[in-house]
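Throughout, a chain's letter reflects where its sequence line sits, starting with A, and its residues are numbered from 1.
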Protein chains: 2
Amino acid sequence: MSQMEQKTAGVPTLKRLPLYLRLLRRMKENGDEYASGTVVAKELGLDPIVVRKDLAITGAVGRPRLGFPMDEIIEAIEEFLGWSNTTDAFLVGVGNMGRALLGYQGFEQHGMRIVAAFDSSPEIIGTKVHGKTILDIETMPALAKRMHVQIGVITVTASVAQDVANAMIEGGIRGIWNFTPTSLDVPKHVILQREELASSLAVLSHRLLLEGSAD
Amino acid sequence: MSQMEQKTAGVPTLKRLPLYLRLLRRMKENGDEYASGTVVAKELGLDPIVVRKDLAITGAVGRPRLGFPMDEIIEAIEEFLGWSNTTDAFLVGVGNMGRALLGYQGFEQHGMRIVAAFDSSPEIIGTKVHGKTILDIETMPALAKRMHVQIGVITVTASVAQDVANAMIEGGIRGIWNFTPTSLDVPKHVILQREELASSLAVLSHRLLLEGSAD
DNA sequence: TAGATTGTTAATCGATTAACAATC
DNA sequence: TAGATTGTTAATCGATTAACAATC
């Protein structure tokens, strides 16, 4: 229906939008009918101007003095992120991290549903993890193609991550969420999102160091 | 011994340093004696100028035509991040994510060692997870103080995250790595690092949306 | 009206990108 | 010497911060 042009946003803005969304949903549960950028900013410890700009990019229109009507602003963020409908995902690699992600209930509120999980180990294939039967990795590309799966989550050992990525691409997967410390090579139409725990730790470590030496 | 001033770096640089470090360690294993910014950049898909600037900030000095002596550059990065000695950490909340992190072997190569894990559930306390006995959360602050633990990893349910953070601060913990979707309130001398899976998913989702609508 | 908030325009800051001299 | 690479200086780009008019 809406033929409107999808605007593009910078990465920092995109990363903050889910924080707003989570808070706004909670405020809605509490019965609030409007949300002002000021309140959102204070609640999340952000600058109000940042929040206002971020919300503006979603196309939502606020009312001076009141803020944004709750349903409109929530829908605007969901629409902007493509979270109005959840996208199907496959997960490959049922180790520690894979199990944790399979058990995490929150993804559906963030636009993604893990519809199947795969592994290569005969001991794991066929077992159930968090209610999902683990399938043979060999069957993954064909199944991805048939089900038009868009997102692939990689939680295997670093050494086989590239092979798994290749298989996902063969299956028509367009977005890869990589939890391994491997730099993947993919065609440029495939979108890569790397989850790098070491990077977070580096930021934390460096700040601890500075803080400690400030005495 | 070295009285030198610790330089400060921007967040983007800090996040890239672990990628360099991992690659350089692998190159060293392979017997390489020098590493040039050019090679590192190509291997990781980054701009060579970015790599050069990032490496410069660690204080390492390269040789024109050759690059950086392997041992010197590795040590410079480790030193800069405070990863020459591993820092002790406590983990609180042995659910899906907590278990995954306890099972992850890689943290010690990134400056952190989880020396104990805690939970509040009587069914879990006393059991072993990945070889570590789970302790009662009630004992955590005193133990943190006694052991001078610096880092606290929070993997509990969102609703109790603030309580756990408070207990950690009571125990003298200076850096908190928060895996829950809760905005924590902490004194300003405490360093917060939030791990927000929804943010990564937002970036991926938005790009999928743009790519898809480009047809 | 008075006042809080939106939305926009301008200024600042920091990161990335570009250009190039110095060096082994 | 020739050539690849470092290290530095300048230019560009984008994000954050500041200022302020418009509005209900």
Atom CG of Asp47(A) and atom P of dT12(C) are separated, to the nearest Å, by 17 Å

dA22(D) -> Watson-Crick or G-U wobble partner, both distances under 3.5 Å, gives dT5(C)

When rounded to whole Å, the CZ to C1' distance for the pair Arg63(B) and dA4(D) reads 16 Å

From NZ of Lys53(B) across to P of dG7(D) the rounded distance in Å is 12 Å

Rounded to whole Å, CZ of Phe68(A) lies from P of dT5(C) at a distance of 12 Å

Judged by modelled atom types alone, do Ser200(A) and Glu195(B) share a side-chain donor-acceptor pair under 3.5 Å? yes

Under-4.0 Å salt bridge between Glu78(B) and Arg25(B): yes

Rounded to whole Å, CG of Leu46(B) lies from P of dA18(C) at a distance of 14 Å

Re dA15(D): Watson-Crick or G-U wobble partner, both distances kept under 3.5 Å, found to be dT12(C)

Closest to the 5' end of DNA chain D, once Gly10(A) and Leu66(B) are matched to their nearest nucleotides, is Leu66(B)

Take the angle between the ring planes of Phe179(A) and Trp177(A) and call it parallel below 30°, perpendicular above 60°, tilted in between.
tilted

Heavy-atom nearest nucleotide on DNA chain C taken for Gly37(A) and for Arg65(A); more 5' hit belongs to Arg65(A)

Whole-Å distance, Ile57(B) CD1 to dT6(D) P, equals 17 Å

Rounded to whole Å, CZ of Arg52(B) lies from C1' of dA19(C) at a distance of 10 Å

One should read off an interatomic distance between Tyr20(A) OH and Thr13(A) OG1, to the nearest 0.5 angstrom, of 7.0 Å

In whole angstroms, the gap separating P of dT17(C) from CD1 of Ile49(B) amounts to 8 Å

